[in-house]
Engineer: 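Below is one structure. I have some questions about it.
These values consider heavy atoms only, across backbone and side chains, with no hydrogens, waters or symmetry-generated copies.
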Amino acid sequence: MMKYIKMRCLLLLMLLAGTGALHAQQKVLTLEQAIDVALKNNYDIRLARNTAELSANDYAYANFAFIPRLNATAGTTWNHTATKQEFVNGTTRDTSGIKGNNINGNVNLSWTLFDGLKMFATRNKLESIRNLGELAMKDQLQNSIATIIGGYYNIVQQKQQLKALAEQMSISEERVKLSDAKFSTGLAPKTDLLQSKVDLNAQKALYIRQQTLIEQSKGLLNQLMAVPAGAIGYDVVDSIPLNAGISFAVLQQNIANNNTAIKVQQQNVNVSALTIKERRADYFPVISFNSAYNYTRNTSNAASNAFSPRFSRNGVINYGLTAAIPIFNGFNVKRQVQNARIDFDFQNITLDNVKSQVDLSLNNAFKDYEYYKKQASLEEETNDLARENAMVALERFKQGVSTILEVKIAQQSLEDSYYRLIQARYNTKLAETELGRLNGALLQ
């Protein structure tokens, strides 16, 4: 009997190897390649990168708030004068045909010397917003990579389920052959043969359905990588590697410094604190240095009277200091400062909430990780037992010492064992990935 069992296992391995050879004809997409494509194309990552670039661009011009503002205007006008006058003493004056040209220009310089240190607070705020954009992009990268890992290994576990179904089909085909042989010799009723064929057809239907699920899972992965959904002509690896050495103490020690969600919210607190400084600066006067140069020139081909010049030019330069002193504006500044302080308190409360959520997620993810890791180890042993039990039941059925019901029960146990084992491995990987995301380790 053991010799027969070994032969059956060898046949099953050959069947699975043949299935693997068929898949090997397709290009194998590794997890690293999938992540690399997603980092370049994923829509959420591109949007986060665009937001970060906007913040960085604003900060690049932050120091220009400390330099003077210089503006210039210039203009020219032409005029034609046609004047005819008659006086009471009988004299007349006709100044028709006088043409003139006016040119004017001015340059204005304004330099804020003191504004309650608002410009410093604004510069620091822009720097914090830039850092916030970078952290938000890193947070999105972590989330997207975690989603990619889950999507990729979902295809792997679907592929493993397909192989398990292929093994079940081989057992069912053997059942059909044995039931047919027994029915032909009168050793078993036709119902055994019919039931074996029904079970085989059901597994074939599941096999087709599983192939469809794999294609749909590839479509979901393609959407995460921002490639055409129909581009599914690739294969994935056959196994799900697991890290069995994750330490909860190490995770808990580093979570506050590595978790991107916490760091993003801490940066929001910094931005809110600098907003308070901006609003409080409006209580102080704004002292500015102002300077201007004005130039005008008028020319005419004739004078309208003896006292009118045909040519005049004027250039004036002026400079001085101005102080804009806030006296009363309906307590608007006070309202803005109060709102900024309320927002600061809100951001701090949100930070405490984020830390609490991350701590809870870390505890739950690690408990899941430990549970599924133990389940995977247990299901490995269970699967070996279920496979041996199915082979023994099939051999007993062949020798006529058991019924088809015994074989079906053993086969169902093997099918359930495969499903639990594959799911345990996949769930362990998801929990491991979640721990890496919470600890900011997916980008390392």
Side-chain angles (χ1 to χ4, degrees), residues 16 20 23 28-39 42 44-45 139-165 210 213-225 232 234-248 250-252 254-255 258-261 358 360-384 415-444:
L16 296 179
H23 286 292
V28 176
L29 176 71
T30 65
L31 176 62
E32 291 75 16
Q33 291 171 336
I35 292 175
D36 184 61
V37 172
L39 292 180
N42 181 269
D44 292 332
I45 293 176
D139 186 55
Q140 184 58 57
L141 287 172
Q142 293 275 359
N143 295 335
S144 297
I145 291 174
T147 306
I148 287 289
I149 293 174
Y152 182 87
Y153 284 114
N154 178 52
I155 301 174
V156 176
Q157 66 104 5
Q158 295 287 358
K159 179 180 174 181
Q160 292 177 343
Q161 295 286 3
L162 186 69
K163 289 184 178 181
L165 284 172
Q210 192 64 32
L213 289 176
I214 291 176
E215 292 182 358
Q216 291 174 339
S217 299
K218 287 182 178 180
L220 291 174
L221 180 63
N222 289 349
Q223 197 277 330
L224 295 173
M225 297 188 298
I232 59 175
Y234 60 84
D235 198 6
V236 295
V237 297
D238 296 323
S239 61
I240 302 178
L242 301 176
N243 181 5
I246 298 178
S247 169
F248 182 74
V250 174
L251 291 173
Q252 206 169 29
N254 299 329
I255 195 73
N258 295 337
N259 182 267
T260 50
V358 169
L360 176 62
S361 298
L362 180 67
N363 279 276
N364 289 341
F366 190 79
K367 289 177 181 178
D368 286 340
Y369 168 75
E370 286 290 304
Y371 165 73
Y372 288 122
K373 188 172 64 173
K374 293 177 182 177
Q375 183 190 15
S377 178
L378 180 63
E379 292 299 338
E380 291 277 2
E381 179 183 355
T382 303
N383 186 254
D384 291 337
E415 181 179 346
D416 294 341
S417 173
Y418 265 124
Y419 178 81
R420 293 194 305 269
L421 174 60
I422 294 170
Q423 283 294 310
R425 290 171 178 167
Y426 177 61
N427 289 332
T428 304
K429 191 62 181 182
L430 291 182
E432 176 190 322
T433 302
E434 177 65 7
L435 290 174
R437 186 190 71 83
L438 291 172
N439 197 41
L442 298 183
L443 283 175
Q444 297 176 0

Engineer: Looking at every heavy atom in both R437 and A146, which two are closest together, and how far apart are they?
Structural biologist: CD-CB, 3.9 Å

Engineer: I'd like to know whether L220 forms a side chain to side chain contact (heavy atoms under 4.5 Å, CB included) with Q223, so could you lay out the CA-CA distance, the side-chain angles of the two residues, the decisive distance to 0.1 Å, and finally the verdict.
Structural biologist: CA-CA 5 Å; L220 291 174; Q223 197 277 330; 5.7 Å; no

Engineer: For residues N243 and I246, report the shortest heavy-atom separation together with the two atoms involved.
Structural biologist: ND2-CG1, 3.6 Å

Engineer: Examine the side chains of S417 and N383 and answer whether a donor and an acceptor come within less than 3.5 Å of each other.
Structural biologist: yes

Engineer: With salt bridge (Lys or Arg N to Asp or Glu O under 4.0 Å) as the test, would you mind laying out the steps for K218 and E215 before giving the verdict?
Structural biologist: CA-CA 5 Å; K218 287 182 178 180; E215 292 182 358; over 6 Å; no

Engineer: List in chain and number order the residues that pass ring-ring contact (aromatic ring centres under 6.0 Å, His included) with Y369, two or more places apart in sequence or in another chain; answer none if no residue qualifies.
Structural biologist: F366

Engineer: Search all heavy atoms of A431 against all heavy atoms of A365 and return the closest pair with its distance.
Structural biologist: CB-O, 3.8 Å

Engineer: How far apart are the C-alpha atoms of D238 and V156, what are their side-chain angles, what is the distance that settles it, and do they pass the side chain to side chain contact (heavy atoms under 4.5 Å, CB included) test?
Structural biologist: CA-CA 6 Å; D238 296 323; V156 176; over 6 Å; no

Engineer: Quickly, which of K374, Q423, R420, R425 forms a side chain to side chain donor-acceptor pair (under 3.5 Å) with E379? Name it, please.
Structural biologist: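 Going through the options one by one, the only one that passes is R420.
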
Engineer: Side chains of I145 and L39: does their closest heavy-atom pair fall under 4.5 Å?
Structural biologist: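 Yes; the side chains approach each other to less than 4.5 Å.
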
Engineer: Show the numbers, then the answer: is there a side chain to side chain contact (heavy atoms under 4.5 Å, CB included) between L362 and L251?
Structural biologist: CA-CA 8 Å; L362 180 67; L251 291 173; 4.1 Å; yes

Engineer: Looking only at heavy atoms, which two atoms of T428 and A376 are closest? And how far apart?
Structural biologist: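 Minimum heavy-atom contact is OG1-CB, 4.4 Å.
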
Engineer: About how many Å separate CG of L224 and CD1 of I148, when rounded to the nearest 0.5 Å?
Structural biologist: 4.5 Å

Engineer: Using a strict cut-off of less than 4.0 Å between a Lys/Arg side-chain nitrogen and an Asp/Glu carboxylate oxygen, indicate whether E370 and K367 qualify as a salt bridge.
Structural biologist: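 No salt bridge links E370 with K367.
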
Engineer: Got a second to check how far Q160's CD is from I214's CD1, nearest 0.5 Å?
Structural biologist: 10.5 Å

Engineer: Would you compute the distance between atom OH of Y426 and atom CG of N154 and round it to the nearest 0.5 angstrom?
Structural biologist: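 So the OH of Y426 and the CG of N154 are separated by 4.0 Å.
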
Engineer: Is there a side chain to side chain contact (heavy atoms under 4.5 Å, CB included) between L221 and L29? Walk through the geometry before answering.
Structural biologist: CA-CA 11 Å; L221 180 63; L29 176 71; 4.2 Å; yes

Engineer: Report yes or no: does D36 contribute a side-chain atom to a donor-acceptor pair with the main-chain N or O of E32 at less than 3.5 Å?
Structural biologist: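 No, the answer is negative, given that no donor and acceptor are paired below the 3.5 Å cut-off.
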
Engineer: With heavy-atom distances below 4.5 Å as the criterion, would you say the side chains of P241 and Y153 are in contact?
Structural biologist: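 With C-beta onward as the side chain, the pair touches.
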
Engineer: Check whether any side-chain N or O of K373 sits under 3.5 Å from a backbone N or O of A244 as a donor-acceptor pair, and report yes or no.
Structural biologist: yes

Engineer: Less than 4.5 Å apart, any side-chain heavy atom of Y234 and any of N222?
Structural biologist: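 Result yes, sub-4.5 Å side-chain heavy-atom pair found.
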
Engineer: So, for I232 and G219, which heavy atoms are closest and what is the spacing to 0.1 Å?
Structural biologist: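 The answer is CG2-N, 4.3 Å.
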
Engineer: Side chains of K159 and D235: does their closest heavy-atom pair fall under 4.5 Å?
Structural biologist: yes

Engineer: Distance check, rounded to the nearest 0.5 Å: Q157 atom CD versus I422 atom CD1?
Structural biologist: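 Nearest 0.5 Å value for the CD-CD1 distance: 7.5 Å.
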
Engineer: By salt bridge (Lys or Arg N to Asp or Glu O under 4.0 Å), which residues pair with D384, not counting sequence neighbours?
Structural biologist: R387

Engineer: Might you point out which heavy atoms bring L438 and I255 nearest each other, and give the distance in Å?
Structural biologist: O-CD1, 3.0 Å

Engineer: How long is the straight-line distance from CG of L141 back to OG1 of T260, given to the nearest 0.5 Å?
Structural biologist: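 The distance works out to 9.0 Å.
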
Engineer: Any donor-acceptor pair under 3.5 Å linking the side chain of N439 with the backbone of A441?
Structural biologist: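 Answer holds: no.
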
Engineer: Nearest 0.5 Å, what's the CG-CG distance between L435 and D368?
Structural biologist: 9.0 Å

Engineer: Tell me, please, which residues at least two apart from E415 pass salt bridge (Lys or Arg N to Asp or Glu O under 4.0 Å).
Structural biologist: none

Engineer: CD of E381: more than 12 outside heavy atoms within 6.0 angstrom?
Structural biologist: no

Engineer: Does some side-chain heavy atom of L31 sit less than 4.5 Å from a side-chain heavy atom of V236?
Structural biologist: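 Counting from C-beta outward, V236 and L31 never come under 4.5 Å.
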
Engineer: With no hydrogens and no angle check, is any side-chain donor or acceptor of Y418 less than 3.5 Å from a backbone partner on K163?
Structural biologist: no

Engineer: Distance-only, no hydrogens or angles: does the Q210 side chain make a donor-acceptor pair with backbone N or O of Q158 under 3.5 Å?
Structural biologist: yes

Engineer: Kindly check if the number of other-residue, nucleotide or ligand heavy atoms within 6.0 Å of OH (Y419) is above 12?
Structural biologist: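 Open.
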
